[in-house]
Amino acid sequence: MGDDRRSFSYYKAIPVIEKLPFKIESGDQVKNLPAIGKSLRDHINEIVTTGKLSKLEHFENDEKVRAVSLFGEVWGVGPATALKLYDKGHRTLDDLQKDDSLTYAQRTGLKFFDDIRQRIPRHEVSEMEKLLQEVGKDILPGVTIVCGGSYRRGKSSCGDMDIVITHDDGKRYTSKHVKPGFLPKFVQRLKDINFLREDLIFSINSIEGTDSGVDTYFGLCTYPGRELRHRIDLKVYPRNRYASGLLAWTGNDVLNRRLRILAESKGYVLDDTGLYLATQSSGGKRAGRSEAIVNCHEEKDVFDTLGFPYLEPHERNL
DNA sequence: CAGTAG
DNA sequence: CGGCCTTACTG
DNA sequence: GCCG
């Protein structure tokens, strides 16, 4: 437990196995597959021959594993905190509610645990996106508001909403050059109409900020007329960083990682704030980034610069 | 600083 | 053996 | 955990 590197290896092996056109009858059949090494092959062999995995038996019946993984599903609670809560003697979500060591965000995540876990039908996301666009353009005409994430990738239901925002007038709506900033107004307006309900994280870098370029809001919202809470993220990018922001928040994770690794191999650094030319950092292991970001106005520019065939959003479900 | 999230 | 997306906030 |  608590070894996410290792669990990630299992995670990577899953789609590899799922995509096999045949049923595995022997460990030899997975011998040369990527992401599957000796250890996983041994496990597969055991499952094939005995029908089960002895190692797993303990896990499923282990109260600790069950409690800690449950706690870890609460927003804001990671492996370390989950383990601490268990060691305090907590076993159920009800136990956690009595614990006063939880942060406000964690308490909120706990309070709406069942709500947040509900998936949102695509057409409802679509309506909420429209609502956000209406409210947004009322504050700032010409603002661009797009719902990314699995919604943009065409999924029929979404776990949350990733809203990516920019404005195309040459100014930098997330930098110190803007007095009040768009996001605080937007959030306030959305609270006024009872769309945004609880805050999780609200970070404004814009006032005198580090000019990191991105204002972010994480919180809970409701579909108009309902009380069911959904997770929503709002991110505001300057126009020159919008393409990389939209790309990153559309995902999926596998594509993001693939693009970032590709970027590095070609002498770039890619993240949600832009595509940069890597600099030769003298001391550090990792390549630094140049100030100059490669000019990517649209997502396609990022793909093109990296020499990666362009994928439409619905093709990014890797 | 560790922990957590995206 | 060491790397395995990076960056920024909360407490 | 897998990979080089």
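With C:dT7, C:dC5, B:dT4 as the candidates, the nucleotide lying closest to the side chain of A:Arg5 is C:dC5. In the set B:dT4, B:dG6, C:dT10, the nucleotide with an atom closest to the side chain of A:Lys235 is B:dG6. The A:Trp75 side chain lies nearest to B:dA5 when the options are C:dC9, B:dA5, C:dG11.
At a threshold of 4.0 angstrom between heavy atoms, the contacts of A:Leu40 are confined to the sugar-phosphate backbone, with no base atom among them.
Taking 4.0 Å as the cutoff to heavy atoms of chain A, we find the contact window on DNA chain D bounded by D:dG1 to D:dC3.
By the salt bridge (Lys or Arg N to Asp or Glu O under 4.0 Å) test, A:Lys31 is found to be paired with no residue, residues two or more places apart in sequence or in another chain being considered. Applying the salt bridge (Lys or Arg N to Asp or Glu O under 4.0 Å) rule to A:Lys155 yields no partners; only residues at least two apart in sequence or on another chain are considered. Applying the salt bridge (Lys or Arg N to Asp or Glu O under 4.0 Å) criterion to A:Arg189, with sequence neighbours excluded, gives A:Asp138.
Side-chain nitrogen and oxygen atoms of A:Arg231 include none within less than 4.0 Å of the OP1 or OP2 phosphate oxygen of B:dA5. Here A:Thr81 reaches the OP1 or OP2 of B:dT4: one of its side-chain N or O atoms lies under 4.0 Å away.
Taking the P atom of each, B:dG6 and C:dC4 are spaced 22 Å apart, rounded to whole Å. Between the C1' atoms of C:dT6 and B:dT4, the separation comes to 14 Å (whole Å). Taking the P atoms as reference points, D:dG1 lies 34 Å from C:dA8, given to the whole Å.
For C:dC5, its base never sits under 3.5 Å from the side chain of A:Arg257 at any donor and acceptor pair.
For residues 71-81 of chain A, the side-chain hydrogen bond (donor to acceptor under 3.5 Å, both in side chains) pairs, not counting sequence neighbours, are A:Glu73-A:Arg117. Within the structure, the side-chain hydrogen bond (donor to acceptor under 3.5 Å, both in side chains) test picks out the following pairs touching residues 244-254 of chain A (sequence neighbours left out): A:Arg152-A:Thr250, A:Tyr237-A:Trp249.
With hydrogens and angles left out, the side-chain atoms of A:Thr222 and A:Glu227 include no donor and acceptor closer than 3.5 Å.
We find that CG of A:Asp199 is positioned 14 Å from C1' of C:dC9, with the value rounded to whole Å.
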